[in-house]
Amino acid sequence: MDSLSLLLDGFGSVLTPENLLYAAIGVLLGTFVGVLPGIGPAMAVALLLPVTYGLDPVPAFIMFAGIYYGGMYGGSTTAILLNTPGESASVMTAVEGNLMARAGRAAQALATAAIGSFVAGTIGTLLVVFFAPPLARVAVEIGAPSYFALMVLSLAMVTSVLGSSRLRGFIALFLGLTIGLVGLDLNTGQPRLSFDQPLLADRIDVVVVAVGIFALGEALWVAAHLRRSPLHVIPVGRPWMGRDDLRRSWGPWLRGTAYGFPFGALPAGGAEIPTFLSYFTEKRLAARKGRDEFGKGAIEGVAGPEAANNASAAGTFVPLLALGLPVTATSAVMLAALQGYGIESGPGLMSDQPELVWALLASLLIGNALLLVINLPLAPVWAKLLQLPRPQLYAGILFFAALGAYATNMQAFDLFLLLVLGLLGLLMRRFGLPVLPLILGVILGPLMESQLREAMAISDGDVSALWSEPLAVVIYVIVALVVVVPLVFRAVRPAPVVPAVDASGRVEGEAADNQGNEEALR
């Protein structure tokens, strides 16, 4: 009941004409960027993060919530209409969604994805309201060794499930941790990896890293494989669902939510696993009912994975708000936004900044509702946006990326950093290195160093202090299982082939057909 009363206070802060306008602008901007091919919600949030810098924290995060859910919706639009997932979690949506679109049911596919996202996002956010506060109260009692172990677990869980190999995932993590070391040592004041450049003394801004790796890296990658002709977009009318579509969708929406939220809240490695589980669950249930539409455009194959994806995204707010641990690229950028306002993340966030936290949770619910109300009628408009030629499309992205990087510190040097990081993002895509471990390394590296130094200071340099708490020992056992068990499993039994996903989250080949996806999944 305390959580509900605090949530109502959050609604009181959000439900003003000015804040509702910011939420609507965020939804439209997020969808506008998220609907572009190859751009997922993480890149949409990173690209539009500087837009919120001139605002106070509460309206800024209200707009941020709209950008977040708008980017999620845009990713499903490209997956369905172009068969080009904006991120790896949208692969399963593309499998059946694009087949539905080719069969003339694009409107129904977009509708079940949007309504499923709304249902899962709403339920997931309400679960965050109930789970995050008690977890935060417990987390305040956690010591530095256990908190350091939690960060190690977060990195191990996420890195081990992304990319085409664990080695590439750990290489990307190493790059991120190295970038996080740039700047002055907080204890000794000695410069690290700054190359005698005074402008690097305060570390590289996380926003510049995110925009460079995501936006500029993606634009350079597309330019290297440029097709000047507009993409072939399947026509779509206004999204709608008949009574039979609704009857077949509500079960997958609820089951997808049940799969997705725990994977986001634990954390257990993002939304890829629950979307796969949801897809195969719906496929088996359909087979029991005698339906053979899977592989031909089954609406259940869109409703379930899309709900699982959004429920997992909502679940990531539990570790983010209660522990200060981001487990997805999007939540990592949101943590960077908190730091940009000078707000200290971690277990004390919910008690130190209650107005901001509960306004954010209320704005997630409002942004989710506005997404449905505003974007369903605008689906034909977003489809036409996809027909713009690639050169003009990515020229605009480069402009906003440069503007965003410059706006963070008003230093021309940040534009040079943006170019260097963009080239790094291009090389990562070229060699199949996943982006998320790098971003998490940049965010969590300094936090891990702080907790490590605190643990060492308390124990006078005794390394055994890192496993001196029972919780830390349990966490390190889990880390060992996360790293070792899959290796043993692969040695005993060959892993099944899954759709190849490149570093930007798209199915390799940019427009891989659904038949290939189905064969790979089988």
For A307 and P252 the tightest heavy-atom approach is CB-O, 4.3 Å
For F148, ring-ring contact (aromatic ring centres under 6.0 Å, His included) partners two or more places apart = none
Are any non-hydrogen side-chain atoms of L371 and T31 less than 4.5 angstrom apart?
-> yes
To the nearest 0.5 Å, what is the distance between CG (L110) and CZ (R105)?
-> 11.5 Å
Evaluate the side-chain proximity of R255 to L285: yes if any heavy-atom separation is below 4.5 Å, no if none is.
-> yes
Return each pair, listed once, that meets side chain to side chain donor-acceptor pair (under 3.5 Å) where at least one residue sits in residues 354-366; pairs must be two or more places apart or across chains.
-> none
The reported gap from CG in L20 to CD1 in I25 (rounded to nearest 0.5 angstrom) is 11.0 Å
Side-chain contact, heavy-atom cut-off 4.5 Å: T93 with N98?
-> no
Nearest heavy-atom approach of T112 to S249 is OG1-OG, 3.2 Å
Apply the test side-chain contact (heavy atoms from CB on, under 4.5 Å) to residues I80 and M100: give CA-CA distance (whole Å), side-chain angles for both, the deciding distance (0.1 Å), then the verdict.
-> CA-CA 8 Å; I80 291 168; M100 286 183 66; over 6 Å; no
A172 to M428 - nearest heavy-atom pair and separation | CB-CE, 4.1 Å
Please step through side-chain contact (heavy atoms from CB on, under 4.5 Å) for the pair L246 and W253, ending with a clear verdict.
-> CA-CA 10 Å; L246 285 170; W253 290 337; 4.1 Å; yes
Rounding to 0.5 Å, atoms CG (L424) and CG (L433) come to a distance of 8.5 Å
Exercise: identify the closest heavy-atom pair between V209 and L421 = CA-CD1, 3.6 Å
Closest heavy-atom pair and its distance - A120, A311 | CB-N, 3.9 Å
Quick one: OG1 on T125 to CD1 on I366, what's the gap to the nearest 0.5 Å?
-> 11.5 Å
Between CG on residue L126 and CG on residue L365, distance to nearest 0.5 Å = 5.5 Å
Rounded distance [0.5 Å steps], CG in L438 versus CD1 in I171 = 12.0 Å
For E306 against S76, the heavy-atom pair lying closest together = OE2-CB, 3.3 Å
pair V119-N310: side-chain heavy atoms closer than 4.5 Å | no
Could you please spell out the steps behind the side-chain contact (heavy atoms from CB on, under 4.5 Å) verdict for I475 and V152?
-> CA-CA 9 Å; I475 294 172; V152 173; over 6 Å; no
No-hydrogen, no-angle side-chain donor-acceptor test under 3.5 Å, Y259 and S312 | no
Side chains of N368 and T122: do they bring a donor and an acceptor to under 3.5 Å?
-> yes
Answer yes or no: is there a donor N or O on one side and an acceptor on the other, between the side chain of S117 and the main chain of A113, under 3.5 Å?
-> yes
Start with the C-alpha gap between F261 and I123, add the side-chain angles, then the distance that decides, and say whether side-chain contact (heavy atoms from CB on, under 4.5 Å) holds.
-> CA-CA 9 Å; F261 183 81; I123 295 175; over 6 Å; no
Kindly state each residue pair satisfying salt bridge (Lys or Arg N to Asp or Glu O under 4.0 Å) with at least one member in residues 108-127, sequence neighbours excluded.
-> none
Residues E96 and Y279: side-chain donor-acceptor under 3.5 angstrom = yes
